[in-house]
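Counting starts at 1 for both ligands and their atoms, in listed order. We're numbering straight along the sequence, starting at 1.
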Amino acid sequence: MCIRLFGAYLLAGILLLLPIICYSDKASDYTFVREAKSTPAVVHFDYIGIGGGTTGCPLAATLSHGASVLVLERGGSPYGNPNIINTENFAPTLLDTSPTSPAQQFTSEDGVFNIRTRVLGGGSALNARFYTRASTHYIKEVGWNQRMVDQSYEWVEKVVAFEPEILQWESTFRDGLLEVGVLPRVYLRAFTHSSRFASVCRPRKITVYLHATVQKMLFRHIPAYGVIYKDAYGIIRHRAYLKRNSKKNRIVLSVGLLMISGMGSAFHLRAHSIKVVADCPMVGQGMADNPMNILFIPSPQPVEVSLVQVGWRIDPFHSFGLWLIGHFKHFLSQVSISPGVILEKIMGPLSRGHLALRNTNPNDNPFVIFNYFKEPEDLRKCIEGMKTIIDVVNSEAYSKFRYKYMPVEALIDLLLALPLNRRRKHANVTFSLEQFCIDTVMTICHYHGGCRVGRVVDKGYRVPGIDSLRVVDGLTFYRTLGTNPQATVMMLGRHMGQRILHDGLLRGSKKKN
Ligand SMILES: Cc1cc2nc3c(=O)[nH]c(=O)nc-3n(C[C@H](O)[C@H](O)[C@H](O)COP(=O)(O)OP(=O)(O)OC[C@H]3O[C@@H](n4cnc5c(N)ncnc54)[C@H](O)[C@@H]3O)c2cc1C
């Protein structure tokens, strides 16, 4: 299965661009969300969404116009959880390793710590809220309709996006970039998570079950017709079926359960005693993760908490490097210094890996390898990004945030002393930016590619041959869109929701004729 899985849906009040107020993030309408343990053993819906994540929420909200939609989400509610809503608590949330944590950690075979989400709202409930649209070039490349895509972005932005206030650390970075001749950009942010979509859309026809972990999909002569899910007590007696004779009925999910449910390389599935429904060797292949490298800068003056807002981008055509600045105060709480952080991320990594099952438990982490920097071009971009960071750190603008006695070599040594990953550190790191990139690589959790359009799903996000099944999530992309993915992932939920509804209407009118 793939790391993160599926889409889905949900809740609560408040419209439009209300940045700060919305941080309180109260659920004003929560009546359609229930704990799975209190649900009937068998239910029937027009659409079943597996996972209530970043894509799933806008998708379900859209589908619920005229159809009944069930969202099965393995995590709990984001509402009332102070770690989720509060920017200050960004890092502690990611470091929470309890069994109910919204952030389920895993370590890829590359030795890099990573996160699978486990909460309603998915990644959007715990991410850094950086929000950017995909370029028109990319939209043309994937063959989307620009007008519909723009409308979907606008729909998303009314609910989640706002222009942030630029704080001192970020504005200093912006000045530093200008000083060294690089054009800075200020990006939008999301003030809330995607579960808001459902409530904004008057979710009369959405039902969300929390702590409902889908174990597998059910197939009869190929079409998917239902799912089995487990509740918080570990009881696996629950079944959700698509309504019979409905002109709509679809199961919509993100990648994950494909393998466990019998779609993947037949050889691999048989090795796990899984009955093969469809031999799809490309499921889980071509996984990529954007490598992230950082510098911590201990500062003589306090650095305010902020996440990524100001960035710069090397953009020769449409895809290459992206470098961002962020401040992750809590990462350094162990060493009791007041640091700021500058990070860089490679936007379109060429290096690819794959994902495979370890077992058939959907909650267990799969085997994943991303092969960071296997392609020399990725390494070249990292070095270029680090050089820009070093120039900015050495700029006049930045001097107020620097201890004069700490040269860049000392900053690199400081970083090497921290347990940022499980990779071997080499003695020449301080002097070789190439080795620095390889040894200190981290992730920004933008993994993608295990269920690509054109390889696993068709342009309608259908698994070929299984008409009642669509896979709609971040793993369908072959690279991150925009500078960061969530805007486009949310947009995709809206866009695909509209397309699925439209297809359902067409099928309905054909039947009548
Ligand atoms: C720490 C972090 C920081 C990030 N920062 C940013 C950022 O600043 N800007 C940005 O654009 N992007 C950011 N991202 C990336 C972005 O959040 C993801 O690309 C996006 O959330 C992916 O959306 P998705 O719908 O594909 O999956 P998700 O949002 O992860 O949703 C998957 C959902 O499916 C559920 N699920 C999985 N398996 C099952 C099952 N068997 N049964 C039921 N439910 C299941 C999960 O619990 C989850 O809710 C960040 C990600 C992380 C983790």
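- Not a single N or O atom of Y131, backbone or side chain, sits closer than 3.5 Å to an N or O atom of ligand 1.
- Taking every non-hydrogen atom of A212 and a distance limit under 4.0 Å, the qualifying atoms of ligand 1 come out as 42 (N), 43 (C).
- Using bins of under 30°, 30° to 60° and over 60° for the plane-to-plane angle, the ring pair Y241/H44 lands in the tilted bin.
- Counting non-hydrogen atoms of other residues, nucleotides and ligands closer than 6.0 Å to CD of Q105 gives a total above 12.
- Only backbone heavy atoms of L72 (N, CA, C or O) come within less than 4.0 Å of ligand 1; its side chain stays farther off.
- In this structure, R455 places its CZ atom where only 12 or fewer heavy-atom neighbours from other residues, nucleotides or ligands lie under 6.0 Å away.
- The aromatic rings of Y229 and Y209 are tilted relative to each other, their planes meeting at an angle between 30° and 60°.
- Polar contact check, R74 against ligand 1: a nitrogen or oxygen pair lies under 3.5 Å apart.
- With atom 5 (N) of ligand 1 as the reference point, the heavy atom nearest to it among N127, I444, V472 is part of N127.
- Residue V119 touches ligand 1 through its backbone alone, judged by heavy-atom distances below 4.0 Å.
- Legend: residues meeting salt bridge (charged side-chain N to carboxylate O under 4.0 Å, His left out) with R422, ordered by chain and number and at least two apart, are absent.
- Side-chain contact of T55 with D473: a donor-acceptor pair under 3.5 Å is absent, judged by distance alone.
- Considering both main-chain and side-chain atoms, P362 never comes within under 3.5 Å of ligand 1 through any nitrogen or oxygen pair.
- Panel note: side chain Y372, backbone D378; no donor-acceptor pair is recorded below 3.5 Å.
- The distance from atom CD of Q215 to atom OG of S261, rounded to the nearest 0.5 Å, is 10.0 Å.
- Look at A190 and you'll find every heavy atom at least 4.0 Å from all atoms of ligand 1.
- In the vicinity of T55, heavy-atom distances shorter than 4.0 Å reach the ligand 1 atoms 24 (P), 25 (O), 26 (O).
- The atoms of ligand 1 that sit less than 4.0 Å from any heavy atom of A128 are 3 (C), 4 (C), 5 (N), 6 (C), 7 (C), 8 (O).
- Ligand-side atoms of ligand 1 in range of G123: 17 (O), 21 (O), 28 (P), 29 (O), 30 (O), range being under 4.0 angstrom from any heavy atom.
- Of all atoms in ligand 1, listed by their number and element, those nearer than 4.0 Å to a heavy atom of D473 are 26 (O).
- Taking only nitrogen or oxygen atoms, main chain and side chain alike, L126 does not reach within less than 3.5 Å of ligand 1.
- Within the 4.0 Å heavy-atom criterion, neither part of A103 lies near ligand 1.
- Distances between N or O atoms of P485 and those of ligand 1 include at least one value under 3.5 Å.
- Within the structure, salt bridge (charged side-chain N to carboxylate O under 4.0 Å, His left out) contacts touching residues 481-490 (residues at least two apart or in different chains) do not occur.
- Using a 4.0 Å cut-off between charged side-chain N and carboxylate O, R494 and E157 make no salt bridge.
- N127 is not listed as a side-chain neighbour of C445, based on a closest heavy-atom distance of 4.5 Å or more.
- Ligand-side atoms of ligand 1 in range of L94: 1 (C), range being under 4.0 angstrom from any heavy atom.
- Atoms of ligand 1 lying under 4.0 Å from any heavy atom of V489, numbered from 1 in the order shown and given with element: 23 (O), 25 (O).
- Listed by number with element, the atoms of ligand 1 under 4.0 Å from a non-hydrogen atom of G474 are 26 (O).
- Residue H448 does not touch ligand 1, judged by heavy-atom distances below 4.0 Å.
- Of the options V112, I346, I294, a side chain to side chain contact (heavy atoms under 4.5 Å, CB included) to V441 is made by V112 and by none of the others.
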